[in-house]
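Here is the structure we will look at.
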Amino acid sequence: MDNRPSRHRHVRIPSSRCEPSSQRRLPIRENGGALVRIGLLTEGGYPYVSGDARLWCDRLVRGLGQHEFDIYALSRSERQEDEGWVPLPSQVSRVRTAPLWTAEDDGAGYGRRARRRFADCYGELAAAVCATGGTGAEATPEADRFGNALYGLAELARDEGGLVGALRSETAVRALERACRAPGALRTAREARVPDLLTVVAHMERVLRPLSLDWYEDDGLGSVDLCHAASGGPAALPGLVARHFSDVPLLVTEYGVQLRTHYLTTGDAPPAVRALLAAFHGQLAAEIYRRAAVITPGNSHARRWQEHCGADREKLRTVYPGMEAARFTDVGESPECADPDTLVWVGRIEPTKDLVSLLHAFADVRKEEPKTRLRIVGTPSGAEGTAYLAHCKALAAQLFPDEAEGRHAVGRNPVTFEEIGAPEVPTLAEAYAGGAVIALSSVVEGFPISLVEAMFCGRATVSTDVGAVVEVIGGTGLVVPPRNPRALAEACVALLRDPERRERLGAAARARALELFTVEQNVAAFHGIYLEIVSRCPVRRVVLDDTGEPLPFGVPAEAHVPGRWTDPAARVAARGGPGWATGRPVRAGGPVPATEGAR
């Protein structure tokens with residue numbers, strides 16, 4: 001099957017005002033009904049080959065074959081779209097995509113009333129952003145003001161066919177400027193200049209672009225049983241709109257909180273831009289958390305951020321990412337294959353991994369254990385990662401001149417830089433198998449995937465105390481402060497000198513990983529959450545009788561039970577009436593065919 005997205009642009013309203021999206025319907029299964037129909041919302045992720053969280057989403061969809069999935073994906077670049085999709089399982093019945101990297105100008109050719117509606121709604125949105133200095137941790141008038149303005153813009157987009165041009169117009173800039181100069185506005189916002197305002201308006205337009213999509217009709221997100229957003233921010237925005245228009249419940253999963261990511265990526269922006277965007281993302285996150293039926297953080301670190309942004313503790317369910325343990329089984333069951341004199345680091349090479357501190361720590365390790373070697377296994381992340389790798393190689397050459405065992409032998413550096421797929425490291429499991437101790441030296445980390453992989457392999461670990469490291473390790477490894485080479489070195493030496501302790505910690509780490517971090521655990525958790533949400537929400541499907549009028553109780557609760565009842569005569573005799581608990585809608589005069597009712 002061709003997994004490249006269709007270039008056909010499906011537009012809700014035949015007008016250039018409407019933000020385009022592409023759509024492909026996939027073959028629907030013929031093996032019976034689905035338990036729950038889920039609208040999976042992603043941004044820069046599944047089903048694209050190079051998408052974020054692609055593996056997690058793919059494992060979730062494949063693991064829940066009893067459900068039906070409609071995928072609504074926002075792409076981040078033309079290259080991502082050209083790379084196409086991963087092969088999709090049969091339970092995916094539809095894929096609809098829309099770009100976040102470009103937008104067709106909808107012309108903003110509104111009439112006078114529409115222009116006034118936009119000015120009022122956007123002005124209220126800007127005023128709510130400029131009046132808040134926090135992250136929405138408490139219900140405030142600004143929070144209600146922000147939500148009302150957001151849904152007002154969504155209704156305007158539906159009525160007028162989109163508002164992409166309006167969000168980038170001079171009207172938007174002037175509305176933001178008035179909000180910044182208004183009494184009670186953020187002190188930093190008052191200092192915003194025209195370039196700052198233009199930057200903020202452009203960023204807000206990109207985030208709010210899903211409001212203009214044609215995804216919210218009755219045959220789109222309005223017809224699913226629940227929306228599952230694979231992240232916050234733009235990915236969750238279609239879920240908010242579907243909830244507003246069609247009362248579809250929203251589930252939000254965050255393994256990395258969008259607001260935290262914003263703080264980490266806008267450090268070089270002017271103060272006014274930073275303050276305004278932080279307030280905007282804080283209000284958006286608070287609105288998403290308020291309207292979500294359930295929120296599933298990937299760890300306690302993300303959970304604390306969500307609570308700080310206003311998430312109700314009663315809605316929170318921690319669900320750890322699911323990872324495949326089978327490919328590490330051979331290594332995990334053979335701890336004796338490790339080289340007792342080798343440290344291993346595995347990951348994506350970039351400045352946040354702080355390999356400089358690791359190299360300085362290894363210099364101290366070599367003073368205590370001269371035979372020790374360090375293997376750094378990973379690929380650079382972008383141009384910045386390539387430059388950082390070159391810097392680390394130069395530092396390693398400076399700290400550790402090539403050594404030779406004798407006068408006639410060729411020298412060798414005790415630090416090696418390798419990549420997965422090379423002859424020395426053919427697989428990821430082989431990378432972890434090569435050392436007795438696995439090190440993690442990051443200064444910024446969300447959920448430490450490489451640490452969990454090391455635990456699956458039964459290896460003792462030394463990690464810096466960042467992100468969710470302590471929660472993941474749970475006492476089965478050593479944890480040291482970040483940016484502290486001496487502490488990192490002392491912990492590594494302690495494990496290198498104590499093989500019994502290494503073996504004990506490695507076995508405990510493997511047992512913990514198999515208990516908490518497998519794909520099976522993740523899939524089972526979401527299966528239960530799906531059913532919990534659906535059980536609390538009314539069925540919105542309308543079944544008509546012979547006269548064309550809505551039939552009350554036409555879709556009973558049993559419509560969500562998989563399979564079909566095969567002996568209607570026995571049911572009629574036993575229950576005294578037609579259609580009792582059939583799982584199918586009933587017309588006056590008898591059951592209707594399954595194609596007219598529940599799946």
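Index from 1, following the sequence.
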* **Aromatic ring pairing His308/Trp305, orientation class (parallel under 30°, perpendicular over 60°, tilted between)** => perpendicular
Please enumerate all residues that pass side-chain hydrogen bond (donor to acceptor under 3.5 Å, both in side chains) together with [X], with sequence neighbours excluded.
X	answer
Ser300	Glu471
Thr329	none
Thr296	Thr253

Less than 3.5 Å apart, any donor N or O on the side chain of [X] or [Y] sitting next to an acceptor on the other?
X	Y	value
Tyr530	His228	yes
Tyr289	Glu307	no
Trp56	Tyr255	yes
Tyr320	Asn522	no

Under the side-chain contact (heavy atoms from CB on, under 4.5 Å) test, residues paired with [X] that sit two or more places apart:
X	answer
Arg243	Arg291
Val519	Arg59, Glu324, Val523
Cys227	Leu41, Leu221, Val224, Ala242, Val248, Leu250

* Enumerate the residue pairs fulfilling side-chain hydrogen bond (donor to acceptor under 3.5 Å, both in side chains) with a member in residues 481-493, sequence neighbours excluded, ordered by first and then second residue. => none
* Run the numbers on Asp70 and Arg96 for salt bridge (Lys or Arg N to Asp or Glu O under 4.0 Å), then give the verdict. => CA-CA 8 Å; Asp70 292 351; Arg96 298 188 70 174; over 6 Å; no
* Asked: Between the side chain of Arg193 and the main-chain N/O of Glu191, is any donor-acceptor distance below 3.5 Å?
  -> yes
* Summary of salt bridge (charged side-chain N to carboxylate O under 4.0 Å, His left out) pairs that have at least one residue in residues 515-533, sequence neighbours excluded -> Arg317-Glu532, Glu532-Arg536
* Asked: Which residue pairs pass the salt bridge (charged side-chain N to carboxylate O under 4.0 Å, His left out) test with at least one member in residues 435-460, sequence neighbours excluded?
  -> Arg327-Glu453, Lys353-Glu445
* Kindly check if the number of other-residue, nucleotide or ligand heavy atoms within 6.0 Å of CD1 (Ile449) is above 12? => no
* Is the number of heavy atoms from other residues, nucleotides or ligands under 6.0 Å of Glu155 CD greater than 12? -> yes
* Structure fact -> ring-ring contact (aromatic ring centres under 6.0 Å, His included) pairs touching residues 461-483, sequence neighbours excluded, are none
* Listed by chain and number, what are the salt bridge (charged side-chain N to carboxylate O under 4.0 Å, His left out) partners of Asp354, not counting sequence neighbours? -> none
* For Arg348, all residues meeting salt bridge (charged side-chain N to carboxylate O under 4.0 Å, His left out), sequence neighbours excluded -> Glu350
* Asked: Less than 4.0 Å between a side-chain N and a carboxylate O, is that true for Arg62 and Asp58?
  -> yes
* Output field: ring centroids Tyr216/Tyr72 closer than 6.0 Å -> no
